[in-house]
Amino acid sequence: MQSEICIKMYPTCKLVQGSKFSAVYDLDRRQLYRFDSAYYPLFSELEKGSWREGTEQGLEPDAAKQVVVVLEMAQTNEIVYRTSDPAGDMFEALSEEWHSPHEMQNCIVDVADMDHDWIALRASLDELRCPGLQIRCFSDLVDLQKMLEILKVFGGSCVANLQFVIRWNEELDAIDWGEVCSRYKNLLFVKLHGAQTERRISWQQFPAMMDRLVIHEPKKIASERDCGAIAVGSLSAPSAKLFAELHSFNGCLHRKISVRQDGSICNCPSLRASYGTDLAKLPQISAKKEFRAYWTLKKDDMAVCSRCEFRYVCTDCRGYLGSDLSLEKPARCKYDPDTGLWDG
Amino acid sequence: MHELDLKLLHEADRDSLPLGIRTIYEKEIGDSQREKRIYRIDKFGANKFVIFALEKPISRI
């Protein structure tokens, strides 16, 4: 017996309903397809596998007229497939559970007028199996020599993604970055702020850099208050990992620990709460219930963000709001999901 | 901010698309995997386009 042809969405494509616009995230290809929410009922039926050709249920008249074109586009981009094979029902939805072997995912350390105890920090981050560390210096304190000194401290540590955001000086222009990257394998990214010109140094200048990147940026970074804007350029490409994490956790604060320029320990330097200054105690501090309260501030619980089609590619910012535990949209987000427009 | 290479846009394709359906023209930029970004431009997203970074950022400074 010939089964009826139906159209189904691939299980690694996820439908995300927004206000003005909705989206399909292709988690395999890391692409985001955005469309007017008038077409949401169509994609919803496709996701459920219950769409049949010739039916336009639930669509507005204008959208209903475009169903054939929309389906062609979705098929061309391999969001959906046609099948008469009942085996198509055997695909299981992609799991949205999130797990990690790392007690902490990343750490921010700000530096201005005082230095930190890098050896104690390394011991704590090793205990937490923390793979990401970004050191942000707003003064001249972290120069070339200091950067090399810190790199030595973190050699052979759990930190596999070490990033520096430091103030540019002429001495940094003379560096053989290929040699530095060869020696310190966990140095992945350097941003030199306050540089004379904008430029990028990569494997094209120094093949030994491989996929590492050094950016010269003329804009000066004065403090942690220069962080947190959600604008063009700040969204992440869709991925199964990020999609799962943002369903249950906050994209920025989940498993993040930070050190302010004054040495106080916090979730993020742009938040208010602090937890002492003993860098040897990061594992104990990060286990505290009040420290972890920020981890579950997820987009689905934020009134405006829960209507945004970008909510599972946006890693959020909880800084600069009325309270640290606020569920307002990010203070520096320039997108309005109800109009679908970016401001500025 | 990075300049958009308008030569990537295919105006004929854009005009043939139905109202409200996005079209994506993308260009990967950046000199390394470390900061590969993808421009995604949709027809009805006003005058702004969106850039997606391939990696989750530690901070946005």
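Top candidate by heavy-atom pairs under 4.5 Å with chain B, chosen from A:Gly228, A:Gly132, A:Ser258, is A:Gly228. Ranking A:Glu217, A:Arg136, A:Met209 against chain B, the residue ahead of the rest is A:Arg136, based on heavy-atom pairs under 4.5 Å.
When heavy atoms are compared at a cutoff of 4.5 Å, A:Lys65 does not approach chain B at all. Of the two parts of A:Ser223, only the backbone, made up of N, CA, C and O, holds a non-hydrogen atom closer than 4.5 Å to a non-hydrogen atom of chain B. Contact of A:Ala229 with chain B is made through the backbone alone, with heavy-atom distances under 4.5 Å. For a residue to count as touching a neighbouring chain, one of its non-hydrogen atoms must lie under 4.5 Å from one of that chain's; by this rule A:Lys219 does not touch chain B. Neither the backbone nor the side chain of A:Asp110 comes within less than 4.5 Å of any heavy atom in chain B. Heavy atoms of A:Cys107 lying under 4.5 Å from chain B belong exclusively to its backbone. Using a 4.5 Å cut-off between heavy atoms, A:Asn106 touches chain B through its side chain atoms alone.
A:Gln134 and B:Ile61 get closest at one heavy-atom pair: OE1-CG2, 4.5 Å. When all heavy atoms of B:Arg60 and A:Cys317 are compared, the closest pair comes out as NH1-CB, 4.0 Å.
A 6.0 Å sphere centred on NZ of A:Lys191 holds more than 12 heavy atoms belonging to other residues, nucleotides or ligands.
The distance from atom CD1 of B:Ile58 to atom SG of A:Cys227, rounded to the nearest 0.5 Å, is 11.0 Å. Note: A:Gln163 CD to B:Ser59 OG = 7.5 Å, rounded to the nearest 0.5 Å.
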Practice task
Walk me through it: do B:Lys56 and A:Lys241 pass the test side-chain contact (heavy atoms from CB on, under 4.5 Å)?
Solution key: CA-CA 10 Å; B:Lys56 177 178 165 177; A:Lys241 184 180 174 189; over 6 Å; no

